[in-house]
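We name chains A, B, ... by the order of the sequence lines, and we start the count at 1 in each one.
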Number of protein chains: 2
Amino acid sequence: MGMLKMAILGFLRDFPLHGYDLKNRVAALAGHVRPIADGTLYPTIKKLEEAGCLTRRTAPGSVAAPRHMLEITQEGTDQLRRWLRNPEPVFITDDNKWYVLLAFLHHLDNPREQSIVLARRREYLDQPTQLFYDEQGRPVPPEQLDSPFRKGLMQIHRSVNLNEIDWLDGQIAELDRRAGYTVAHGAAERS
Amino acid sequence: MGMLKMAILGFLRDFPLHGYDLKNRVAALAGHVRPIADGTLYPTIKKLEEAGCLTRRTAPGSVAAPRHMLEITQEGTDQLRRWLRNPEPVFITDDNKWYVLLAFLHHLDNPREQSIVLARRREYLDQPTQLFYDEQGRPVPPEQLDSPFRKGLMQIHRSVNLNEIDWLDGQIAELDRRAGYTVAHGAAERS
DNA sequence: GTTCTTTACCTCGAATCCGATATATATCTG
DNA sequence: CAGATATATATCGGATTCGAGGTAAAGAAC
């Protein structure tokens, strides 16, 4: 079915939510500041509804426009469990964009440019991934999580990132040193 | 432009290759045994050709059907460099499929089922990602790599995976212990 | 010599997701 | 009260990628 559909069903299993709320939760789940695109979310909700995975009840908006409160159905729960047991294969391009970029980074001959790219990777890794939220939409910090599994999941996610950030810092320092050297002494490198 | 296009251009920057060869290199690059789909690769090559990023020369096949040897153009090199400097934003669903799955794993109440899912994640992480190849298509082991950057990249990639594998092993053991307990003592849990 | 596997390429339909664009309302700012 | 901002939903075209299926030719297995 695709990750977004399952993320939606996963959230709705806990309690009903409306689209706008889901948008921000999914975005945070994926460790991004930028929220998921409207043009992705709302058609996906519609498809899930057509597939009988959720029902909607129009409720007055708390602040502005009316909301469509979404509730998961038995079919939706079944689909979620089926996916958890047997997830879609991870596509070749998923999970690997950054490593592909790093593998070919040497084609950017200028060490200063390479360093800038690594700094961007570092920034990305430094964005905290917030996997768990309460009903009010407040992030639940790792130490307050109920299950040891969830606690461990957030810790490992963070430590994996810190591990790579560490390495990046070393590489960036080395590249900047080299860039400084070549700019100072090599006429050919000067822009 | 998308990762696959850039991976193709990245490989072609080193030396000309034909589609079939690219297929296996890209697959290994992404840490997958399953090669990239023909229906993805060949249309992508065609698009790159139409965009002036590569040229093709038909050469006799070494074994069977004739090959289309692909060579990168100046335009292709420019596009690659442009992408390295300013890569496409990573989509919300990229890089996060597994974490989303793990975040909702508790909806699979049965610890034995949870353990099976974690074991699959472990297997995926255990697949070595081979980022660098020589002209003959032979993988270059980390210790034989020329640049310290490439060496470090492969080491960090491996160590990041080992870090998570370690955690997974602990979780799997705990879940199996719990599953064994409930199977032995709880009638409701049996098959 | 027929079949099987490997090499090598291609087309088509479908799924997922994005960005641009549009709509409407409530609240806050000046 | 005019305009900006946040809430809330929706459509449309496009990019990327997959899977199923088809073509063809060389060499190995039986």
J.: Whole angstrom is fine here: how far is it from CZ in B:Arg25 over to P in C:dT7?
T.: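 About 14 Å, once rounded to whole Å.
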J.: Between B:Ile8 (CD1) and D:dT16 (C1'), how many Å, whole number?
T.: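 Value for this atom pair: 12 Å.
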J.: Please classify the nucleic acid contact of B:Gly39 as base, sugar-phosphate, or nothing, using heavy-atom distances under 4.0 Å.
T.: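 It contacts base atoms.
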J.: Can you see if the side chain of A:His18 gets near the phosphate of D:dT7 - specifically, an N or O under 4.0 Å from OP1 or OP2?
T.: no
J.: For A:Asp78 and A:Gln74, test the side chains for any donor-to-acceptor distance below 3.5 angstrom and give the result as yes or no.
T.: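 A donor-acceptor contact under 3.5 Å links the two side chains.
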J.: Between A:Lys46 and D:dT11, does any side-chain N or O lie under 4.0 Å from OP1 or OP2?
T.: yes
J.: Rounded to the nearest 0.5 Å, how far does NZ of B:Lys46 lie from NE2 of B:His68?
T.: 11.5 Å
J.: Would you kindly compare A:Lys5 and B:Pro43 by the position of their nearest DNA chain C nucleotide and give the one closer to the 5′ end?
T.: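 Closest to the 5' end, via its nearest nucleotide, is B:Pro43.
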J.: Hey, does the side chain of B:Arg67 come within less than 4.0 Å of D:dA26's phosphate (OP1/OP2), counting only N and O?
T.: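 Negative; the distance criterion is not met.
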J.: Starting at atom NZ of A:Lys47, determine the distance to atom P of C:dT16, rounded to an integer number of angstrom.
T.: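 In whole Å, C:dT16 P and A:Lys47 NZ are 6 Å from each other.
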J.: Any carboxylate oxygen within less than 4.0 angstrom of a Lys/Arg side-chain nitrogen, looking at B:Arg158 and B:Asp126?
T.: yes
J.: Grab the CD1-P distance between A:Ile45 and D:dT11 for me, whole Å please.
T.: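 Answer to the nearest Å: 12 Å.
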J.: Is the side chain of B:Thr40 donor-acceptor paired with the backbone N or O of B:Ile36 at a distance under 3.5 Å, no angle test?
T.: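 Answer holds: no.
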J.: Taking only side-chain nitrogens and oxygens of B:Tyr42, does any of them come within less than 4.0 Å of OP1 or OP2 of C:dC10?
T.: no
J.: Please report the distance, rounded to the nearest Å, between CG in B:Asp38 and C1' in D:dT23.
T.: 12 Å
J.: Expressed as a whole number of angstroms, how long is the span from A:Met3:CE to D:dT17:P?
T.: 17 Å
J.: Under 4.0 Å, heavy atoms only, any strand: does B:Pro66 hit a base, just the sugar-phosphate, or nothing?
T.: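 Sugar-phosphate, backbone atoms only, no base.
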J.: Over how many whole Å does the gap from A:Ile36 atom CD1 to C:dC17 atom C1' extend?
T.: 8 Å
J.: Using whole Å, report how far CG of B:Leu70 lies from P of C:dC9.
T.: 8 Å
J.: How long is the gap from CZ on A:Arg13 to OG1 on A:Thr77, to the nearest 0.5 Å?
T.: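 One finds 5.0 Å between CZ of A:Arg13 and OG1 of A:Thr77.
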